[in-house]
2 protein chains.
Amino acid sequence: MPLEIKPSQALRLWRQVHLDLVRDGDADLSARQTAILLTIYLELPPHTVRGLAAQLGVTKPVITRALDTMGKLGLVTRKRDDFDRRNVVIQRTVAGALAVERLADLVVERAREMGGS
Amino acid sequence: MPLEIKPSQALRLWRQVHLDLVRDGDADLSARQTAILLTIYLELPPHTVRGLAAQLGVTKPVITRALDTMGKLGLVTRKRDDFDRRNVVIQRTVAGALAVERLADLVVERAREMGGS
DNA sequence: GGATAATGATACGGGTCCGTAACGATCGGG
DNA sequence: CCCGATCGTTACGGACCCGTATCATTATCC
């Protein structure tokens, strides 16, 4: 069964969650970083710079820079692939998993508060 | 009746919509800009710099800069208040309304594609 | 082994954003 | 009328991000 949601509900949900994210202020990820982070944590490993760049439709430096930033925040880790040492495998972290889980709870909670229309 | 959504659904929806936003590439608004834009288009006017700053929990220059950027994109307009010429009233535009409407449709469409769990 | 290809990282110039602090314009009370 | 309060904007130094181009490292193929 599909998830039914009305346009006005979608907008109010989108606004409220973004308000929460801005007010909590801890992360402040860009749209690209959010897409990268969720791809890493939702899609099956392994993840590489090239693969992520292709999925997002952006250039490789974008991914490298985003991984730098998210690495500083402790949300992901990089590790060279031992089978093909040209590749870098992006790995999940406990902090990253917690952040993703918190985002999910936030969306669920705000959705629950959305009234009828 | 509340809007029921499971954590895994929320995350997949969040990821898919962000992927679409990145791939379309036209806007690429930050979380703050998104919150500002949706507040302007969902909450009752009038909107002022000070009021938006208070709602988002950020400083006034943040709002000024965001309005500069969104003004260049044609998403909002500024106009001095004739009754109190210190105030600036933020107004909606046709392009902004269209962008908001497109975002709503995107969320609705992606939600509809979200499978059971 | 040497040429070729592929991967991720880096340099660069330009743009945006941040928070703090200062500023000009405007209103309002004494 | 003038002084303080309020509004939005701008200046500043620092940080981040973008896309293009280039680089070092590693694998592959003849």
Side-chain angles (χ1 to χ4, degrees), chain A residues 18-19 21-40 45-92, chain B residues 18-19 21-37 39-40 45-92 99:
Chain A
H18 278 270
L19 273 179
L21 291 175
V22 169
R23 282 201 266 243
D24 290 4
D26 29 37
D28 207 15
L29 297 181
S30 71
R32 292 177 167 192
Q33 292 170 333
T34 301
I36 294 172
L37 185 70
L38 291 181
T39 297
I40 293 170
H47 296 289
T48 65
V49 173
R50 176 168 187 75
L52 289 173
Q55 281 194 60
L56 296 216
V58 297
T59 58
K60 287 188 292 180
V62 170
I63 306 296
T64 294
R65 279 187 294 257
L67 292 179
D68 289 344
T69 301
M70 293 194 279
K72 284 183 198 164
L73 296 173
L75 300 177
V76 296
T77 309
R78 272 181 278 202
K79 172 173 163 294
R80 285 227 96 90
D81 182 356
D82 285 328
F83 290 148
D84 186 340
R85 299 191 55 75
R86 289 174 302 182
N87 289 351
V88 164
V89 180
I90 291 102
Q91 298 177 307
R92 304 170 184 170
Chain B
H18 277 270
L19 273 179
L21 291 176
V22 169
R23 283 202 266 245
D24 289 4
D26 29 36
D28 208 13
L29 296 181
S30 71
R32 292 177 167 190
Q33 291 169 334
T34 302
I36 294 171
L37 185 68
T39 297
I40 293 170
H47 297 289
T48 65
V49 172
R50 176 168 188 77
L52 289 173
Q55 281 194 61
L56 295 216
V58 297
T59 57
K60 288 187 295 178
V62 170
I63 306 296
T64 294
R65 278 187 294 257
L67 292 180
D68 288 344
T69 301
M70 294 194 278
K72 284 182 198 164
L73 296 174
L75 300 176
V76 295
T77 309
R78 273 181 277 203
K79 173 173 162 292
R80 284 228 97 90
D81 182 355
D82 285 329
F83 290 147
D84 186 341
R85 300 191 54 75
R86 289 173 303 181
N87 289 350
V88 164
V89 180
I90 292 101
Q91 298 176 306
R92 304 170 184 171

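Just so it is clear, the values below take in all heavy atoms, side chains as well, and ignore hydrogens, waters and symmetry mates. Letters A, B, ... mirror the listed sequences (proteins, then strands); counts begin at 1. In this text, all values refer to a predicted model and were calculated from it rather than measured experimentally.
Qualifying side chain to side chain contact (heavy atoms under 4.5 Å, CB included) partners for B:A35, counting only residues two or more places apart in sequence or in other chains: A:H18, A:L19, A:V22, B:L56. Remark: A:R78 engages A:T64, A:L67, A:D68, A:V88, A:I90 in a side chain to side chain contact (heavy atoms under 4.5 Å, CB included) (not counting sequence neighbours). The salt bridge (Lys or Arg N to Asp or Glu O under 4.0 Å) search around B:D81 returns none, not counting sequence neighbours.
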Are there any protein N/O atoms within less than 3.5 Å of an N/O atom in nucleotides 16-18 of chain D, and if so, which ones and at what distance?
residue	atom	partner	partner atom	Å
D:dC17	OP1	A:Q33	NE2	2.6
D:dC17	OP1	A:T69	OG1	3.1
D:dC17	OP2	A:T69	OG1	2.6
D:dC18	OP1	A:R32	NH1	2.8
D:dC18	O5'	A:R32	NH1	3.3

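Of the residues A:Q91, A:R92, A:M70, the one that meets the side chain to side chain contact (heavy atoms under 4.5 Å, CB included) test with A:V76 is A:M70.
Looking at A:R80, its side chain never comes within 3.5 Å of a backbone N or O of A:V89 through a donor-acceptor pair.
Here D:dT9 presents its C1' atom at 9 Å from CZ of B:R78, a figure rounded to the nearest Å. Between the NE2 atom of B:H47 and the P atom of D:dG8 there is a distance of 13 Å, given to the nearest Å. Distance CZ (A:R50) to P (C:dA9): 14 Å, rounded to an integer number of Å. Remark: C1' of C:dA9 and CG of A:L52 are 15 Å apart, rounded to the nearest angstrom. In this structure, B:L56 atom CG and C:dC17 atom P are separated by 14 Å, rounded to whole Å. What separates CG of A:N87 from C1' of C:dA5 is a distance of 13 Å, to the nearest Å.
Here the CD1 atom belonging to B:I63 is positioned 10.0 Å from the CD atom belonging to B:Q33, to the nearest 0.5 angstrom. Atom CG of residue A:L52 and atom OG1 of residue A:T39 lie 6.5 Å apart, to the nearest 0.5 angstrom.
The side-chain hydrogen bond (donor to acceptor under 3.5 Å, both in side chains) contacts involving residues 47-61 of chain A comprise nothing, where partners must be two or more places apart or lie in separate chains.
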* Structure fact -> Reading nucleotides 22-30 of chain C from 5' to 3' and marking B where a protein heavy atom lies under 4.0 Å of the base, S where only the sugar-phosphate is that close, and - otherwise, the string is ----BS---
